[in-house]
Amino acid sequence: MAQRNIVVGQSGGPTAVINSSLAGVVAAAKDLGYDKIYGMHHGIQGFLNEDLVDISEYVKDKNDIELLKRTPSAFLGSCRFKLPKIEGNEEIYDKIFEIMEKNEIECLFYIGGNDSMDTIKMLSDYAELKGKKQRFMGVPKTIDNDLPITDHTPGYGSAAKYIAASLKEVIRDNSSFGIEKPTVVVVEIMGRHAGWLTAAAALSRGEDCEGPDMIYLPEADFDMDDFMARVKKLSEEKSSVVIAVSEGIKLADGRFVCELGSASDYVDAFGHKQLSGCAVVLTNKIQSELGLKSRAIEYSTLQRAATHLASLTDINEAFTVGYLACKAADEGKTGMMVTIEVVNRDPYEVAYNIYDIHAIANVERPVPAEWIVNNGTDVSEEYVKYARPLIMGELTPMMVEGLPRHLVLNKSTYRK
Ligand code: F6P
């Protein structure tokens, strides 16, 4: 008898809760009685080599689901791979459908951000073009929080929580000294061309923490002279100066600040430059031109891998979008992504919908201009009201020998 199987892949930069979405897809597929639950080893790129994982071998019971939820990075392995345009490249698409047919796969799920949703768009378009019956659903994920239509993306709340929590610690540390002159700390935060993640620095403000002195998002032009004048003034007034900057801050002429240093020319399959190093550029300038001690902290992968401090709200939503994507595909939906709608912010209440992938793939949603205040050096209270509910709650790691336990795929990390 023919089997009813599904396949799920993870794509793009990992998050602290990308595996919760995987757990959601797996839980739904089990509830809906699918026979085999395949995982793509390294996304669609691995799938093209028929590199499949039988997820049921790893996720056998509720305990494994719980461990998967507490595991950072993409359990199945990720990729940054763009499917080419259909015209002239049909053999790639035929190969994907051939692998699906051979393995009796009815539905394909892709957990990813705006670039990754392009894969769902292309595959569902091809299925329609060729009258194929397989279904394709997107599961939202990105720490950048820049997907349109959905209120926010799973992964964002946890990265925001890590940023705000660690920034509180950095601010405490930096406040220890500074009798004569302050140390100026510049913290560099990911997010590419969207400032959502850097804005999360504002969440550190509270009764016990004054928060960063300035916050710079990539949506506003970065004025170097104004920045240096502000740092000088702050250093004359304060014993500690801490500034949050997005990795993607740009000068008015379009140059990234990180390019003013020795940033690499690396460009990924989607044409994205690797944006890294602007904090070093700024601290070098502060040291040499203002004669101040200055330290660059690049949160880098830490901010998207910190499952030990993930937001429970985020974990639960990530699980639910995975679960609902599987349910929607089972009901016959295709070429869509699950979205989160906030019905009420306080008390926090959400609803889930599905939306046409064509309006989502490859589209970047910036932080609203009205939320960027003080001449581009801070974010408004509206942002704080928006983001605060997303960082609420914790899920205790499963501690073994003093460290969080993870679920690990038994595949070689050596390249063939
Ligand atoms: O898209 C998620 C993200 O973490 C961005 O914020 C960041 O610019 C990028 O990925 C980094 O990608 P990589 O880890 O491939 O260098």
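In listed order, ligands and their atoms are each counted from 1.
- Considering backbone and side-chain N/O of Gly191, one or more are found under 3.5 Å from N/O of ligand 1.
- Nearest non-hydrogen protein atom to atom 16 (O) of ligand 1 is Gln274 NE2, 4.4 Å.
- Checked by distance only, ligand 1 and Glu247 come closer than 3.5 Å through their nitrogen or oxygen atoms.
- In this structure, Tyr383 and Trp371 have perpendicular ring planes: the angle between them is above 60°, well past the 30° mark.
- A cation-pi arrangement is present between Lys69 and Phe319, with the terminal nitrogen or guanidinium carbon under 6.0 Å from the aromatic centre and inside a 45° cone about the axis.
- Classified by interplanar angle (parallel below 30°, tilted 30° to 60°, perpendicular above 60°), the ring pair His193/His272 is tilted.
- Remark: aromatic rings of Phe109 and Phe47 are distant, center separation not under 6.0 Å.
- Classification of Asp213 and Lys238 as a salt-bridged pair holds, one side-chain N sitting under 4.0 Å from a carboxylate O.
- Contact analysis puts Arg80 in contact with ligand 1, with a non-hydrogen atom separation below 4.0 angstrom.
- Residue contacts with ligand 1, taken as heavy atom pairs separated by less than 4.0 Å, do not involve Leu197 at all.
- Between Asp173 and Arg295 there is no salt bridge, since no side-chain N of the basic residue sits under 4.0 Å from a carboxylate O of the acidic one.
- Distances from ligand 1 to the non-hydrogen atoms of Asp144 include at least one value under 4.0 Å.
- The closest protein non-hydrogen atom to atom 4 (O) of ligand 1 is Arg304 NH1, 3.0 Å.
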